[in-house]
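These numbers come from the heavy atoms of this one structure, side chains and all, not from hydrogens, waters or symmetry mates.
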Amino acid sequence: MHSRGQPGSESWIGCTMGSSLNHRARQPRLPGHGPFGGATLALAPEQRQAVGEVVKEYLLQNPEVLRDASIELERRTEQMRRADQAKALAQYRSQLLSPRGSTIIGNPNGSKSLVAFFDYNCPYCRASVGDIQKLIDKNPELRVVFREFPILGPDSTATSRLALAVARETSDATLRARYYTSAMKAKGSMTGVLALSTATGMGLDEAKLRSDLKNPEIDTILRENFAAAEALGVNGTPAFVIGDQIIVGAVGVDRMQSALSAARK
């Protein structure tokens with residue numbers, strides 16, 4: 001699915017998963033008790049009807065009350081969302097920045113980081129490649145960490161798994177970045193077959209890569225990435241973690257640069 005607005009924020013452009021990731025459990029309310037623990041007053045049917053008429057008349061005379069209530073609900077929901085994200089960031093930051101299972105470009109020892117959740121078959125992720133390179137060119141201290149997040153089906157999963165197999169075969173950051181770049185520039189959909197061809201075309205051994213694909217750590221890393229994304233409220237690609245901000249969608253280089261600038265303060 002494309003061009004979907006994230007609840008509680010402006011519209012964004014990206015690829016999304018098919019289900020919402022955040023759910024909140026509601027506390028059960030005991031019958032016969034009000035929200036503050038006191039007993040509720042029992043009203044006769046005619047009294048309840050009278051109260052209903054009063055409330056209805058008040059809202060008809062003052063419809064702005066509904067608007068104000070809606071605005072306040074959105075404000076509180078957004079406040080809770082940001083608090084949940086801040087808590088999740090504190091929990092997962094070290095995992096997100098780790099070189100384990102990631103492709104790193106830019107300055108590998110940079111003092112500023114951008115973490116990108118992406119899918120090789122997401123057109124908006126491909127469109128963001130140039131923006132990320134512009135950020136690297138403008139920010140010599142920027143370290144970009146790509147996190148495999150294949151949400152668009154088996155072909156995407158196969159391509160991400162092959163990327164993790166490549167990581168097992170070489171510690172050469174340049175070679176790993178080359179695989180990423182080649183896959184993102186592919187014409188049409190990336191598949192497992194094309195991914196393997198890309199890797200072997202860089203000189204990597206096919207038999208070793210196929211053996212690496214059987215290693216359970218590859219799927220463990222993907223599960224960890226999905227768990228982190230769920231905790232952060234990320235259900236689409238591309239998604240970027242910059243400082244304490246989480247940006248979902250292909251928002252353009254200016255928006256990402258603004259987040260980087262804010263992270264310096």
In terms of the angle between their ring planes, are Tyr179 and Tyr120 parallel, tilted or perpendicular, with boundaries placed at 30° and 60°?
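The rings of Tyr179 and Tyr120 stand perpendicular, inter-plane angle above 60°.
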Could you tell me whether the side chain of [X] and the main chain of [Y] form a donor-acceptor pair under 3.5 Å?
| X | Y | result |
| --- | --- | --- |
| Asn139 | Leu142 | no |
| Gln95 | Glu224 | yes |
| Arg93 | Gly243 | yes |
| Asn107 | Glu141 | no |
| Arg147 | Leu96 | yes |
| Ser128 | Tyr124 | yes |
| Arg143 | Asn109 | no |
| Ser258 | Asp254 | no |
| Thr198 | Leu194 | yes |

Side chains of [X] and [Y]: closer than 4.5 Å at any heavy-atom pair?
| X | Y | result |
| --- | --- | --- |
| Ile105 | Ile132 | yes |
| Val129 | Thr181 | no |
| Pro238 | Cys122 | yes |
| Gln245 | Arg255 | yes |
| Tyr92 | Val241 | no |

State, to 0.1 Å, how close [X] and [Y] come at their nearest heavy-atom pair, and which atoms those are.
| X | Y | result |
| --- | --- | --- |
| Pro108 | Ile104 | CA-CG2, 4.3 Å |
| Ser102 | Val145 | CB-CG1, 3.6 Å |
| Leu209 | Ala199 | CD1-CB, 3.7 Å |
| Cys125 | Thr237 | SG-CB, 3.5 Å |
| Leu222 | Pro150 | CD2-CD, 4.0 Å |
| Ala239 | Val234 | CB-CG1, 3.5 Å |

Atom [atom1] in [X], atom [atom2] in [Y]: separation rounded to 0.5 Å?
| X | Y | atom1 | atom2 | answer |
| --- | --- | --- | --- | --- |
| Asp212 | Asp205 | CG | CG | 9.5 Å |
| Ile136 | Lys138 | CD1 | NZ | 14.0 Å |
| Cys15 | Asn235 | SG | CG | 11.5 Å |
| Lys134 | Asp131 | NZ | CG | 5.5 Å |
| Ile246 | Leu232 | CD1 | CG | 4.0 Å |
| Ile242 | Leu114 | CD1 | CG | 4.0 Å |

Please name all residues satisfying side-chain hydrogen bond (donor to acceptor under 3.5 Å, both in side chains) with Ser98, sequence neighbours left out, ordered by chain then number.
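In terms of side-chain hydrogen bond (donor to acceptor under 3.5 Å, both in side chains), with neighbours along the sequence ignored, Ser98 is linked to no residue.
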Per the side-chain hydrogen bond (donor to acceptor under 3.5 Å, both in side chains) rule, what does the pair list look like for residues 59-70, sequence neighbours excluded?
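side-chain hydrogen bond (donor to acceptor under 3.5 Å, both in side chains) check on residues 59-70 returns Glu57-Gln61.
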Enumerate the side-chain hydrogen bond (donor to acceptor under 3.5 Å, both in side chains) contacts for residues 156-174, please, sequence neighbours excluded, ordered by first and then second residue.
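Sorted pair list: Asp119-Ser156, Asn121-Ser156, Glu148-Ser160, Arg161-Asp219, Arg168-Glu217.
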Ring centres under 6.0 Å, that's the criterion: do Phe149 and Phe226 meet it?
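When the ring centroids of Phe149 and Phe226 are compared, they turn out to be within the sub-6.0 Å range.
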Return yes when atom [atom1] of [X] has more than 12 non-hydrogen atoms of other residues, nucleotides or ligands closer than 6.0 Å, and no otherwise.
| X | atom1 | result |
| --- | --- | --- |
| Arg100 | CZ | yes |
| Asn215 | CG | yes |
| Gln47 | CD | yes |

Test salt bridge (Lys or Arg N to Asp or Glu O under 4.0 Å) on Arg75 and Glu72 and set out the steps.
CA-CA 5 Å; Arg75 186 190 69 80; Glu72 178 62 15; 2.6 Å; yes
Test of understanding: clusters of I, L, V, M, F, W, Y form through side-chain heavy atoms closer than 4.5 Å, transitively. Do Val51 and Val65 belong to the same one?
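In one cluster: yes.
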hydrophobic_cluster_shared for Val55 and Leu66, side chain cutoff 4.5 Å
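They do share one cluster, since a chain of ILVMFWY contacts under 4.5 Å joins Leu66 to Val55.
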Could you give me the CA-CA distance, side-chain angles and deciding distance for Leu135 and Gln257, then say whether side-chain contact (heavy atoms from CB on, under 4.5 Å) is met?
CA-CA 7 Å; Leu135 289 176; Gln257 181 61 57; 3.5 Å; yes
State, without any angle test, whether Glu206 and Thr200 hold a side-chain donor-acceptor pair at a distance under 3.5 Å.
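There is no such pair between these side chains.
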